[in-house]
Structure formats: C-alpha cells, structure tokens
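One structure below.
FYI, the numbering just counts along the sequence from 1. All values reported here derive from a predicted model rather than from experimental measurement.
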Amino acid sequence: MESMLNKLKSTVTKVTADVTSAVMGNPVTREFEVGRHIASGGPGLCWRIYDGTKKSTKQEVAVFVFDKKMIDKYQKFEKDQIIDSLKRGVQQLTRLRHPRLLTVQHPLEESRDCLAFCTEPVFASLSNVLGQWDNLPSPVPTDIKEYKLFDVETKYGLLQISEGLSFLHSGVKMVHGNLCLENVILNKSGSWKIMGFDFSISAANPSDSEPKYTCKEWDPNLPPLCLPNPEYLAPEYILSVSCDSASDMYSLGVVMHAVFNEGKPVFQVNKHDIFKSFSRQLDQLSTMSSALLNKIPEEVQQHVKMLLSVTPTVRPDADQMTKIPFFDDVGAVTLQYFDSLFQRDNLQKSQFYKGLPKVLPKLPKRVVVHRILPALTSEFVNPDMVPFVLPNVLLIAEECTRDEYIRLILPDLTPVFKQQEPIQILLIFLQKMDLLLTKTPAEDIKSSVLPMVYRALEAPSVQIQELCLNIIPTFANLIDYPSMKNALIPRIKSACLQTSSLAVRVNSLVCLGKILEYLDKWFVIDEILPFLQQIPSREPAVLMGMLGIYKCTFTHKKLGIPKEHLASKSLPHLISLSIDGNLNLNQFNSFMVVIRDMLSRMEAEHKTKLEQLHVMQEQQRSINISNPGNPSEEPKSQPSTAQLLPDVPSFASPQMSLTLEEKQRLAKEQEQAAKLRNQQPLAPQAAKQSAKDLTSSLLNNMTSLNSLSLANAPRPAPVQGSTMAAFPSPGTMMGPMGAQISNGFNTPMSFQTGGMGMGMRPPGPAHYGAGMATTTSTPNFSAFNQFCANVFNYGTGWFWFHLSCIAGH
C-alpha cells in the first residue's frame, strides 16, 4: 500500500513539475502567479485550468494552459493545425464580451512549450462536474468529485446558455459550432459561461434579417482537436454540410439531455464511420421514443424533443427558449435578476431586496453563499442601498458557520460598521447584535462592533439611544467585563445624566438594572449606587427606576449591600426619595417595602454581630490561659514558669472573633510570657525557714536599722536585674523567686521561690539564708525602712508578691 502511495505521489509530482516548467517559460507568468491545477475544459478538455493571481493587484484569475507535449504524437503540420485551431478559439473569445461568455483577463500568449491565457476565476467545466475527469490532477479534487448540481443551478445554468446563444445569434450573427459540456465553464460564483469558439462561424451577410452561414465539410482525416465534438452536432452539419443558428439549438438540446442524464449525450457516435452513425441517428430522431427523454423533467421534455428535431425550423430559437415556463422558477428568476442588477435603478433594487428574505430560505446554501452573497455585498458601496441589502446579508450570516462568516462576510461588513448614515444601518446592526457578537472574533468586536454601540449611545437621535438601551441587556453576557466596566457603563451613565429625554433617562436606569448581574459587587456599590444620587430628575418613572436598581442590588445573591452602606447612604437616600410629592400611594408603598426590608436585614445583621461579640467577651473572661488543672494532682515541686504568667485568654476555641486592639494586647502578653519561659530556672535553696522566723529576723533588722542615723544616707541605687536597693543586713536573704537583694553593705541577699503562684502566699514556710559578707560601702537605710514598713502594713503576703515582682522585672 505504501509503495502504491509513493508511486502515485511521484506521478503527480512529475506531472505538476512538467506543467509548471512549461508555464514558467510563458509570458503570462510575468504578470500572473500560477497556482494549483484545479480543472480542465475546452475542446476535448485539452486546456488545463490553474488558479492564479495578478501580481500587481492580487486579483484572482484562472490560467488556461495547453501543454504542447500532448500533441507530440502528431506530425508537424497536424500540430500546426491544432495550435491554429486553439489560437483561433481563444482570440475569438477575447473579442467577444457578454455576461454569458467567459471573460478573458489576459490574451493568449505562446511559448515554445505551451499556450496560455487568463480569465475570470473558474471552478470547473460542466463536463468535469458531470463526471468527465480527463486532464484533471490526480487524485481528482474533492470539490469536483463530490459536486452535485441543484435544480435551481441546472435551470438557471441552462437559461444562461440560452441567453448566451441568443446574444451570439441575434447580437453578433454568429454560430458557435461546438456547443458541448466541455465548452461550458462554471465560474467561481457558479455562473455558466460559454467558451470554445474554435469552430464558430460568422454570418456572411450579418446586416440581413436572415443571415447565412457557411460551414466546412467534415474531414475525418483531421486530428480530433481540429474537429467539433460530433456527439453534439446537428445532423445537417454532417449529412448536408449546412448550418445556421438552429444547429446550435440542436446542440443545446443535447446539452440539456446530458445534464439530466449524468453527462451522457443522446447518441454515441462511431468516429470511424461518422456518416453511417449520423444516418442511423437521423432515423432514431424521426421516431423519438419517450424512453429517450425519461430522465428529463416532465415540464421541459416537450421543448427538448423540439430542440432535437430533424427539421431545423421546428427547433425553438434561443430567445424563445429563455421564455419557456421551465425557467420561470423563483430561484432561477432571482439569480437572473441579480445578474441584471446593473440595469436597475435604486427604486427597483430596493423593491427587490425587500422581498428577497422570503426567497433566500428556498435556495440551496451553496447558491446563496457563492451566487447571491457577492452580489449583495457589492451594493455596500452604495449607501442608499445598504439599509435594504444589510438585512439579507445578516440573514445569510445566520446560516453560515463561524468560519464562513469570518471568511466570506465579515471583511465586507467591517466598513459598514463605521457608517452612521442612513441611520437605519445602525438600527439593523443593533437588532442583530447577538449574531455579531457570537460570530465575530474578539479583536473585531473591540475594534468594530462595540464602537458602533458606543456611537449609538452618543447618537443625537433619541430613537437610536432608546433602541440601543433596550437591546444592550440582550447581549450583555457576550461583552467582556473590561469593555463593559470601562466603556459601556460610563456611556450609559452619561446618557442618563446629559439627556433631556425622560424616555432615555428611564431606559438608562432600566438597562443598568438588567445588566447588574454581569457586574461585581464592589463596582456596583462604588460606581452605580453613588451615580443614582447624581440624577437630578424626580419624575415618578425615574424614581421607580432608581428604586429598582437599589432593590435588585439589595436582593441579588451575588451582589448585596453591606449594612454600613445601608445605614449611611442607601437608606437615607431612599427615605428622602420616598416622600417625594410626585409619587402616588402605590409607588410610596413600593419604596416602604424596600426600606423595611433593608431595615430588617440591617437590624438582624447588627444584632447578630453584637450577640457574638457579647458571647466572645464572656468566654474571654472565663478562660485562663494557665489552665492549672486539678489541684489535688499538682506536684509539690517548684512551679513552672507558665504558672507565673498573668491571666491570658485561651485560643483553644477558633470560633472566637477578636478586635484588632484585643489581638494587639494578646500579642504583647504572649511576648512577655515567651521571655519568662526563656529565663534560666533558679536553683532551690537548701535551707528552709518558716514565715515566723523570717518575720522575727525582719523585726530585729529593722530595730537595728532604726538606731542608725539617716541624715547622711545616700539615695537608693536603681534596681537592675534581680538586685534591688541595698539595706544593712548581717547576711543574705532569699526571696520567693530566687532573687538576690543586696544589703546596705553591698552584700547580696537572695530570695528563692517556694512553690507558689504570683501574688499568693507560699505553700510552705519560707527560708532565710545566712552568711553575710562585710563591705566598706556606705549603707542606705531609707529604701529598706520603706520596705519593712510595707511588710508590717500588709503582711508577709505582700512581701512575697513584691519580691516576685522584683524578680520578674
């Protein structure tokens, strides 16, 4: 399988390379870029058709190429005959100009390897479409292979051929001489065009009412490309060497038969004995059976039978054929009208475009997109016709895919977005805004579509502003949030404040109320609600519009108004509006309902907050961070540092909600607790003494101190670390937290903890240690006198508490 594919690929590559090299030497390539091979056409399908573009203008064209290698098997004089015949056909086509004839864009050019000329863009020949694929690329292009003609295309195509023949016969007095499937070309828009004038015959007396034509006798010795297709020739051409316009009509009859019969003509001709074949064909035509025409539509069978008549005078002429009822089809008439638009005035066009929306749904999509749409968009250059054309274009856009819309319609619509006159253009776009925003790419929406909406909001026409405000909510969900917040909302607010029209002001408020759900809560609170207080108007409709925005914001699940805003701004504003003298009873009641709802919610929310705060404070009072546990299980050893901390609320309950000040206080207390935990534990004092001994010692010391003179006593030294002001003592005292207190002679006195909490009596008797050291320092008695006075006034409990505080600091 892979080898077959590789072989096929190499074959196609070789053919393409040969043709490309042949074309590259042709003068046509100086002005035109030659693209891919797309079709074949002309006598014997000898012309290969390529797509191409003009280098200077990028205009799309079709390039017809005849490769001379195709006739290498012939002798030189036969080659010359073939080349001359092909040249004559192209030159004749170039001189003729008519909408039903293939339009030549660049005349024939000859090089050593090929002949080439350029025409309007082409899809394929009618022969290709009906299954004859000679001289086509391999594999056959899918669009040709799968192409199926619709009835309206067939009817209008045959009508176009009839109109082309009418032009030749009546206009230029010419017989085509070789009308067949391969000489009918379908252009890019689907129109059927005639080519292949290699054997055309001009009238000998063109000015006479009955022109005469002279044809050549059939020469079977000539190469096939030098002879017409015998299967489409009228019998008289072969048997009596005569022809006229009726001979073309016979060929038209065979073409019609082939179109409805899968590309097969009426008779198969034996090219080796053509005279005998035509004699037999003549007999069959004289007694034509109904089976011969059974595939032709019944309404045109009789006309085809007349066209195939042996007697030329019985055949309808081209002008008569254009008027038969078979072509009187709404689709065919519509397409025909489009082809003749250049002949109509604006009034006729407008009437036609008004009725077109009823016809478009009856036509196949391919016909609409490739035939009707280009004709409609070409009218955009005429501003007066745009309001009539635009609804049809947008109707077609609805049936197109997004890719088709972007590729085929949007480029032509973009300039129309910017047109402000006539005003109906803007109205039509606004009515189809959902379509535009759905299928237009985001960058084009920002650059073309939304600016059009902004212009509508700023338009001087009140009608335009009203329509725009009414339509905006229908497509608000398709607008990106930054555009809505920064561009759309400010313009709606501006329209509301600056207008003198009550309708515009009310519609602005209604529009804002409908698009609130697409905004975020804080934008509404910061931008929309304050804006309501700027509106100077006090008409009832305006007041009710403002109430609606308040109510929508208040009740919407995503939005909502905080109680602080309710209390300070919303409720005062609403209450002041509610007593406006322009409101009736029902309107006043509507205000009061909203006001009561706001008051109820504000009351409930604030009451709940206060209740929670009260519960939190009660919990805070009852929680002690020390959490001592069961006193009966407490060990009788030295207390831990945590037992000496002040009361701090517990954070065991994560549901408690604290204020910032409470959190700051707790942070400081925790910092102090951390410092205490980091201090080195104090060693217990070995010696123990009861509180009674300590008290008697203090009394003795105080008695001795009182006997000393205080006149020259120095000021007490400041407390540093665990050392307080010195007092005279024969030894050292240990406090309840192990702090040393120096005596008057700079002898340190220590106090050691005895297993008690801060500010409480120790559980066991305190101990007083001896062993004082002498010193030469001047004694300081005043500090110690005050200390002893405090001991006697408040007892030993205060003594222990004071020493503990000294140790803590």
Side-chain angles (χ1 to χ4, degrees), residues 15-42 45-68 86-87 89-125 128 135-137 141 143-144 183-197 338-339 341-342 369-371 373-381 404 406-415:
V15 171
T16 304
D18 292 343
V19 175
T20 302
S21 61
V23 178
M24 293 313 295
N26 193 285
V28 165
T29 58
R30 297 173 186 170
E31 298 183 33
F32 297 89
E33 292 283 352
V34 181
R36 62 186 181 90
H37 184 190
I38 57 173
S40 61
L45 298 175
C46 66
W47 291 95
R48 289 177 174 170
I49 306 174
Y50 297 81
D51 59 11
T53 54
K54 191 171 184 178
K55 293 180 179 179
S56 59
T57 63
K58 302 303 179 182
Q59 179 186 3
E60 189 178 3
V61 297
V63 182
F64 283 69
V65 177
F66 174 75
D67 188 2
K68 292 182 179 180
L86 294 174
K87 282 183 179 180
V90 177
Q91 291 166 354
Q92 191 71 276
L93 177 64
T94 304
R95 285 193 291 267
L96 297 171
R97 293 285 178 174
H98 190 268
R100 302 298 176 245
L101 307 184
L102 187 65
T103 304
V104 176
Q105 303 283 7
H106 187 85
L108 182 72
E109 299 280 4
E110 183 177 7
S111 63
R112 185 187 65 178
D113 298 320
C114 71
L115 302 174
F117 67 100
C118 297
T119 71
E120 61 184 295
V122 164
F123 171 67
S125 65
N128 292 156
N135 214 11
L136 282 181
D143 52 355
I144 291 180
N183 282 329
V184 176
I185 301 295
L186 277 65
N187 70 3
K188 269 291 180 66
S189 63
S191 296
W192 292 18
K193 303 292 186 85
I194 299 174
M195 69 165 291
F197 287 84
F338 271 108
D339 287 338
L341 276 177
F342 63 93
V369 171
H370 294 288
R371 298 292 304 277
L373 181 62
L376 290 174
T377 55
S378 65
E379 287 283 0
F380 284 157
V381 296
E404 291 171 336
I406 295 172
R407 180 167 46 89
L408 302 174
I409 299 178
L410 184 59
D412 294 307
L413 278 183
T414 301

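- Rounded to the nearest 0.5 angstrom, Leu101 CG and Thr94 OG1 are separated by 11.5 Å.
- A donor-acceptor contact shorter than 3.5 Å links the side chain of His37 to the backbone of Ala39.
- Judged as a salt bridge (charged side-chain N to carboxylate O under 4.0 Å, His left out), and not counting sequence neighbours, the contacts of Glu110 are Lys68, Lys87.
- Here His370 pairs with nothing under the ring pair (Phe, Tyr, Trp, His ring centres under 6.0 Å) rule; sequence neighbours left out.
- Closest heavy-atom contact between Val63 and Gly52: CG2-CA, 4.4 Å.
- Here CZ of Arg100 is found 9.5 Å from CD1 of Ile194. Values are rounded to the nearest 0.5 Å.
- Shown here are the side-chain contact (heavy atoms from CB on, under 4.5 Å) partners of Leu408, two or more places apart in sequence or in another chain: Val369, Leu373, Glu404.
- For residues 30-41, the salt bridge (charged side-chain N to carboxylate O under 4.0 Å, His left out) pairs, not counting sequence neighbours, are Arg36-Asp51.
- Looking at residues two or more places apart in sequence or on another chain, you find a salt bridge (charged side-chain N to carboxylate O under 4.0 Å, His left out) between Arg407 and Asp403.
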Passes side-chain contact (heavy atoms from CB on, under 4.5 Å), Asn187 versus Phe123? Steps please.
-> CA-CA 5 Å; Asn187 70 3; Phe123 171 67; over 6 Å; no

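- Here the closest non-hydrogen pair linking Asn183 and Gly196 is OD1-CA, 3.4 Å.
- Under the ring pair (Phe, Tyr, Trp, His ring centres under 6.0 Å) criterion, Phe117 pairs with Trp47, Phe64, not counting sequence neighbours.
- Remark: Ala116 engages Asn26, Val28, Val65 in a side-chain contact (heavy atoms from CB on, under 4.5 Å) (not counting sequence neighbours).
- Taking the side-chain contact (heavy atoms from CB on, under 4.5 Å) definition, one finds that Thr414 meets it with Leu410, Ser448, sequence neighbours left out.
- Under a 3.5 Å cut-off, the side chain of Lys188 and the backbone N or O of Val61 do not form any donor-acceptor pair.
- Residues satisfying the side-chain hydrogen bond (donor to acceptor under 3.5 Å, both in side chains) test with Thr119, not counting sequence neighbours, are none.
- Across every non-hydrogen atom of Ile38 and Val122, the tightest pair is CD1-O, 3.4 Å.
- Every residue meeting the ring pair (Phe, Tyr, Trp, His ring centres under 6.0 Å) condition with Phe338, not counting sequence neighbours, appears here in chain and number order: Phe352.
- Among all heavy-atom pairs drawn from Ile49 and Ala62, the shortest one is CG2-CB, 4.1 Å.
- The OG1 atom of Thr103 lies 4.5 Å from the NZ atom of Lys193; values are rounded to the nearest 0.5 Å.
- Not counting sequence neighbours, the partners of Thr57 by the side-chain contact (heavy atoms from CB on, under 4.5 Å) test are Lys54, Gln59.
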Give the intermediate values and the outcome of side-chain contact (heavy atoms from CB on, under 4.5 Å) for residues Asn128 and Leu45.
-> CA-CA 9 Å; Asn128 292 156; Leu45 298 175; 4.2 Å; yes

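- Evaluation of the side-chain hydrogen bond (donor to acceptor under 3.5 Å, both in side chains) rule for Asn135 yields Arg48 as partners, not counting sequence neighbours.
- Atom SG in Cys114 sits 10.0 Å away from atom CD in Glu109 (nearest 0.5 Å).
- Across all non-hydrogen atoms, the minimal contact from Ser40 to Ser125 is O-OG, 2.8 Å.
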